[in-house]
Amino acid sequence: MVTLTVNGKTLETDAAPDTPLLWVLRDHLGLTGTKFGCGAALCGACTVHLDGQPVRSCQLALANVGAAKVTTIEGLSADRSHAVQKAWLELDVPQCGYCQSGQLMSAAALLAQNPAPSDADIDTAMAGNICRCGTYNRIRKAVHRAAEMLKAEGA
Amino acid sequence: MNANLAQDGTSRRDLLKLGALAGGGLLLGIGLGGCSKPAALGGAGGQPVAWLRIGGDDSITVFVDKSEMGQGVYTALTQLLAEELGVALEAIRVEAAPVAPEYVNNLLGAQITGGSTSIRDGFEKLRKAGAQARTMLLQAAATHWGVAPGELRIDGGAVLHGKERLSYGALAEAAAKLPIPKEITLKPATEFTLVGKPAKRIDTAAKLDGSATYGIDVKLPGMLHGAIAQCPTLGGKLASFDGSAAEAMPGVKKIVGVGNGVVVVADHYWQARKALEAVKITWDPGANANLGSQGIRSRLRNAATREGRGVRADGDASAAIKTAAKVVRATYDLPLLAHATLEPQCCTADVRTDGADIHAPTQTQTIAQATAAAAAGLKPEQVKIHTTLLGGGFGRRLEVDVIPAAVLASKAVGKPVKVIWSREEDTTHDTYRPPAHDEVVGAFDASGKLVAWKLDLTGPSITARMFPPVVATAVDPFAVEAAANFPYDVPNVAVNYNREEIGIDVGYWRSVSHALNCFVAESFIDELAHAAAQDPYAFRSGLLRKQPRFKRVLDEAASRAGWGKAPAGHHQGIALMEGYGTYMAQVVEISMRGNQLAIHRITCAVDCGQMVNPNIVDQQVEGSILFGLTAALWGEITLAKGQVQQRNFDSYRMLRLPEAPRIDVHLLASGEAPGGIGEPGTAVVGPALANAIFAATGKRLRSLPIAKSGIVTA
Ligand code: FES
Ligand code: FES
C-alpha cells in the first residue's frame, strides 16, 4: 500500500509503485477528470499540481510522488469557484472539453506564481497543452480574464 | 418519474403506449414520416420515439440524437426545442438518445453525427417537438380552466390564465392523454427569442471540474481494463501469440486474440499495458507488407492517366483548351492525414448471453450497434448503445473499429471491459484522410478571358468502403466536394473523378474532400489570377457576379482584412468555398523572413444561413481554422512497409497555443436555410495560407504539408 495526499485527503492505493500517477488517479482512486492523451509528456491532458507545480502525471511514477500534495481538477476548487474556472465559464472556452482539465491546471499554476501574465508568459506556460479543437484564442483571453478576477478579489 | 426510463431499454413504442407516465409525466414522440432517406443506406420506419419528457416534477428532458463532440449540439439542438416550448435553455436537461430508427439523420440515412448536418437535420425536428408539446400543454390547461387555448399564454415553463398559473409539470399528465397535433405552425424567424442568440453552452460547467464523462471515463461495476496491440502493418492480422509470461503478471485476467490484434485484460489499465509488452506476438502482415508512401503516390499518378468519370461538364472544356490562346497546367499532391482526437479511441463493452451494453464515444449509433451485435453474436436489438461525450470526433468516430475488440474481450472474461488505445495505436491505426493526385488546367482566350477550367481528381473512395450502395452507380459524392460546385463564371468546365484504391482504409476527416479539393481549386484559381496579371481578389470577384452569396463573403473578408493594405512586409492570401450550405471566405496575412513564416491574422467571413447560436458558430469557425492550419503546416502520415511512421504528437505535430494566430470571425446575417459550420473553416485556410506564401515568396505550394517545402514557423 502506498499513501498519498490528493486534494487534501490522505488516500491509500495498492497500485504498483511504478504505475504512473495518471492511472493511479483514474483507475485506482476514481478521479477521472485528469485525462490521458499521449502518455509521453507531449499533450498536457494529464496535468496535475504537485505541491502547486504543474506536472504531467503520465510521467510521474507513484513511487516518486512521496509526501508531495497532489491537486487534480476535482480539487482545484470545491464549487468551480477558482478564477480560471469562472473565467473559462464566462468565456465559454471548452469545445469537446477533453483537454480542458489540463489547460485549467496549467493556467491555475501560472497565475499562482504570476498573477498578471503577459501574452508571452501565457505562451510559455500553456505551450505544453494541446487543444485539438482549437480553443487557444479563448484560452488566452480567459487566462487574462482570470488574472483580472484575481486582482479584483485581492483588491 | 423515472429519469432512467429512456436509457433502460424499454422500447420507445412501449413508452408511448404508457401515455401518462408514473408520476404524471408527458413523454412526447414525433413520427418523422415523409422524410427522404437514401434507401441505399438502409431506411427506417416504425413507431415514433421520444424527443422530450416533461416530468410531474417540472423537469424537462430532451433526448438529443446527435453526439456531442465539441461542436455544441447539446446546446444548439436544445435551443431549438426551447424556442418553441417557451422555456429557458437552462431549464432543460439533455440525455443522449438511444438507438432508434426515428433518430435517423435525414441527410445521412442512419443515426450519424457528421457532415455538418446536425443543425440542418434538427432545425425543424426539434422545433416541431417543442411546438407539439406546447400545444398539448396549452390544450390541457384550456380544458382545465374551461377556456379556449387562445386565451392563455405561456411563461417560464407554465401556462397562465389571468393570474392563475399551471406549471408544465402539473399539466403533463393531462397533456399526455391528448392526441399529438399534426398541423403545427412554427414561429417565423422574426419571432425567435432564443434561436440566433449567442447563448452560453449548457455543457461547459461539467467540462471545468472533471465531472463530464467521456468514453474513457466509463465505470461499470466489476469492470476490467483492456490494452490492445494491433498488427503494425495496416490490413495485417494476428498470426499467433504466446502470453505465458504476461499471464503471470500482476492483475492480468486474460489475453484475448481479436483478429487483427491482442487484448490484455487486467484489473487495472496500467497492468494491462505493461503485460501487453510481455506478450510475444507473431503478425501476419498480409498484402501491405511492402506498401510505402512512394508506391501510393506513383499508383495515383499512374491512375491519373486514365479518363475519370465526369461529375461536371459545362460546355466543352477539352475543346476550349485546344483552341485557347494561353493554357496553364498544374499538378497537386496531397498527403494522408490522421484524425488525432485528443481522447484516444476507446470502448466499454458489457456482453452477456442475452444482450450487451456498449458505452462508447461514437458518431454512429446505428453502425456501432450492428457491429457490436455481429461481434457478440447477438441481434442488433439486443445491443444497447450508450453514447458518452466525445473527446473530439472529426470523423474518426464514424468508424467502429474500436468496438469488436472490446466486445470479444468482454465476452471472453464474462465481465465488462474497457479497452483504451494508446496514442501510438491511435495514430498508427486510423482510417486516414485520402491522399490525392489532382491535375488542373485553365485556359484563356486571346482577350484574356478565362474560358476553360478542367480538374481531374484521383484518389481512393471512403464511401466505397463505408456505404458501398451509394457508389454502386455514382461517383463518391464525398470525393468531389468543393470541385463539382466550381463557382466561377467560366463557360467550359470539366470536373472528373478517378477512383484508385491504395490498399489501406481511408476515412472521413473533418470537411472530407472539401479540404482536398478546395486546396487545389483555390490555389489554382490564384495561379490563374497571377497568370492573367490580376489581383487575386479582383480576379475572383470578377468571376462571381452571378454568385451573390460567394461574392458577399469574398467582399466582406477582403474589406475586413484590409485587402491590399497590409503593412509593409506583410502579404495576404485569399480563398473561398461553399460547403454544407455555408459560404466562407478567408484572408490570411503573413510575413516571411527567409524561410520563416509568421501568420499575423486570419480574417474569416461566413454566411451560414440562419444561425442557431452565434457563440458556437464562432467557436466552430475558430476551431476548424486551427484544425486546418495544423494540417496545412505539418500534417502528413507516411507509410513504410505498410506501417505508419508517425506515432505520437512528437512525430505527428499539432498546433499549440503560441502558434495560434489572431482570428477575426465575421458572421453575416442571413435569412437563408441553416448551413453546417463544423467543417468549412478547415478547408479554406490551407489555400488562403498557401496563396499568401506565394504572394510573399513567389513560390507556389502544390503539395502539402507546407513544412515539407522547407518553410518553418517563426
Ligand atoms: S497524457 Fe501526459 S502529457 Fe499527454
Ligand atoms: S476542447 Fe477539445 S481538445 Fe481542447
Side-chain angles (χ1 to χ4, degrees), chain A residues 15-16 18-20 22-24 26-28 30-40 42-43 45 72-74 76-77 79-80 82 84-86 88-90 92-101 103-104 120 122-124 126-140, chain B residues 68-72 200-201 203-214 216-217 219 225 250-251 268-271 273-274 340-344 389-394 420 422-424 615-616 619-620 622-627 629-630 648-650 654-660 662-663:
Chain A
D18 63 345
T19 309
L22 169 64
W23 297 106
V24 176
R26 291 185 52 83
D27 269 13
H28 295 260
L31 296 169
T32 53
T34 305
K35 299 300 190 229
F36 165 60
C38 70
L42 296 166
C43 78
T72 70
I73 186 70
E74 290 91 347
L76 188 59
S77 71
D79 48 3
R80 288 194 294 265
H82 189 287
V84 290
Q85 290 168 312
K86 288 194 288 184
W88 253 243
L89 188 66
E90 183 179 308
D92 238 358
V93 173
Q95 291 186 28
C96 87
Y98 192 77
C99 72
Q100 300 294 343
S101 298
Q103 306 279 5
L104 288 158
I122 295 173
D123 281 355
T124 308
M126 305 299 291
N129 290 84
I130 289 173
C131 175
R132 184 58 165 149
C133 297
T135 63
Y136 296 127
N137 286 327
R138 288 198 188 198
I139 288 175
R140 184 187 297 284
Chain B
E68 177 58 68
M69 48 193 183
Q71 84 285 40
K200 289 283 182 58
R201 293 176 63 130
D203 56 346
T204 298
K207 292 175 176 176
L208 303 180
D209 62 7
S211 63
T213 304
Y214 299 85
I216 202 171
D217 303 325
K219 274 177 240 169
H225 298 258
H268 297 289
Y269 181 65
W270 195 250
Q271 295 171 329
R273 278 286 288 270
K274 283 207 319 201
T341 56
L342 197 57
E343 178 189 29
L389 289 174
L390 281 60
F394 318 124
I420 304 171
S422 67
R423 172 58 53 190
E424 290 79 9
N615 170 39
I616 295 173
Q619 280 188 325
Q620 284 297 294
E622 278 207 30
S624 60
I625 288 174
L626 295 184
F627 199 90
L629 206 50
T630 289
N648 206 321
F649 296 126
D650 45 357
M654 299 284 116
L655 187 102
R656 292 169 184 273
L657 183 137
E659 297 157 336
R662 168 179 161 193
I663 300 176

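A quick note: this is a predicted structure, and the numbers were derived from the prediction, not measured. Here is the naming used below: chain letters follow the sequence lines, and residue numbers restart at 1 for every chain.
- Taken from CG in B:L342 to SG in A:C96, the straight-line distance is 6.5 Å, to the nearest 0.5 Å.
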Stepwise side chain to side chain contact (heavy atoms under 4.5 Å, CB included) test for B:M654 and A:R132: CA-CA 7 Å; B:M654 299 284 116; A:R132 184 58 165 149; 3.5 Å; yes
How far apart are the C-alpha atoms of B:Y214 and A:T32, what are their side-chain angles, what is the distance that settles it, and do they pass the side chain to side chain contact (heavy atoms under 4.5 Å, CB included) test? CA-CA 9 Å; B:Y214 299 85; A:T32 53; over 6 Å; no
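- Neither the backbone nor the side chain of B:I625 comes within less than 4.5 Å of any heavy atom in chain A.
- Of the two parts of B:T630, only the side chain, counted from C-beta on, holds a non-hydrogen atom closer than 4.5 Å to a non-hydrogen atom of chain A.
- Annotation: maximal heavy-atom pairing with chain B below 4.5 Å, among A:Q100, A:M126, A:H28, occurs at A:H28.
- Residue B:L208 touches chain A through both its backbone and its side chain, counting heavy-atom pairs closer than 4.5 Å.
- Listed options A:L42, A:L22, A:T34 were ranked by heavy-atom pairs under 4.5 angstrom with chain B; first place goes to A:L42.
- Proximity to chain B is absent for every atom of A:D79, based on heavy atoms less than 4.5 angstrom apart.
- A:N137 places no side-chain N or O within donor-acceptor distance of the main-chain N or O of B:R662, the cut-off being under 3.5 Å.
- The greatest number of non-hydrogen atom pairs below 4.5 Å with chain A, out of B:S422, B:G391, B:G70, is found for B:G70.
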Show the numbers, then the answer: is there a side chain to side chain contact (heavy atoms under 4.5 Å, CB included) between B:Q619 and A:T135? CA-CA 7 Å; B:Q619 280 188 325; A:T135 63; 5.9 Å; no
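- Proximity to chain B is absent for every atom of A:V24, based on heavy atoms less than 4.5 angstrom apart.
- In this structure, chain B has a heavy atom under 4.5 Å from the side chain of A:W23, while its backbone stays farther away.
- Comparing A:H82, A:K35, A:E74 by how many heavy-atom pairs each has under 4.5 Å with chain B, the most go to A:K35.
- Per-residue heavy-atom pair counts under 4.5 Å with chain A were compared for B:L390, B:D650, B:L629, and the maximum is reached by B:D650.
- For the set B:I663, B:L626, B:L657, the entry with the most heavy-atom pairs within less than 4.5 Å of chain A is B:L657.
- Across A:A45, A:A16, A:G33, A:A127, the residue that shares the most heavy-atom pairs under 4.5 angstrom with chain B is A:A127.
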Run the side chain to side chain contact (heavy atoms under 4.5 Å, CB included) test on A:L76 and B:D209 for me, step by step, so that the C-alpha distance in whole Å, both residues' side-chain angles and the decisive distance to 0.1 Å come before the verdict. CA-CA 8 Å; A:L76 188 59; B:D209 62 7; over 6 Å; no
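- Looking at every heavy atom in both residues, B:K200 comes nearest to A:E90 through CE-O, 3.0 Å.
- With A:Q95 as the fixed residue, the side-chain hydrogen bond (donor to acceptor under 3.5 Å, both in side chains) test singles out one of B:E68, B:K207, B:Q620: B:Q620.
- Chain A forms the most heavy-atom pairs under 4.5 Å with one residue out of B:L389, B:N615, B:I616, and that residue is B:N615.
- With rounding to the nearest 0.5 Å, the separation of OG1 in A:T19 from NZ in B:K274 is 6.0 Å.
- Ring pair A:F36/B:Y269 is tilted by interplanar angle, where 30° to 60° counts as tilted.
- Contact record, A:G37 with B:F649: O-CE1, 4.0 Å, taken as the closest heavy-atom pair.
- For the atom pair A:Q85 CD and B:T204 OG1, the distance stands at 12.5 Å (nearest 0.5 Å).
- Interface residue A:I122: backbone and side-chain heavy atoms are both found under 4.5 Å from chain B.
- A:D123 has no carboxylate O lying under 4.0 Å from a charged side-chain N of B:R656, or vice versa, which leaves the two without a salt bridge.
- Options B:G251, B:P658, B:G210 differ in how many heavy-atom pairs under 4.5 Å they form with chain A, and the most are formed by B:P658.
- Contact annotation for B:Q271: neither backbone nor side-chain heavy atoms come within less than 4.5 Å of a heavy atom of chain A.
- Looking only at side-chain heavy atoms (C-beta outward), A:Y136 and B:E659 stay at 4.5 Å or farther from each other.
- In terms of heavy atoms, B:H225 sits closest to A:D27 at CE1-OD1, 3.3 Å.
- Smallest separation of non-hydrogen atoms from A:C133 and B:F394: SG-CZ, 4.1 Å.
- Of the listed residues (B:A340, B:A660, B:G392), the greatest number of heavy-atom pairs within a distance under 4.5 Å of chain A belongs to B:A340.
- Heavy atoms closer than 4.5 Å to chain A are found in the backbone of B:A212, but not in its side chain.
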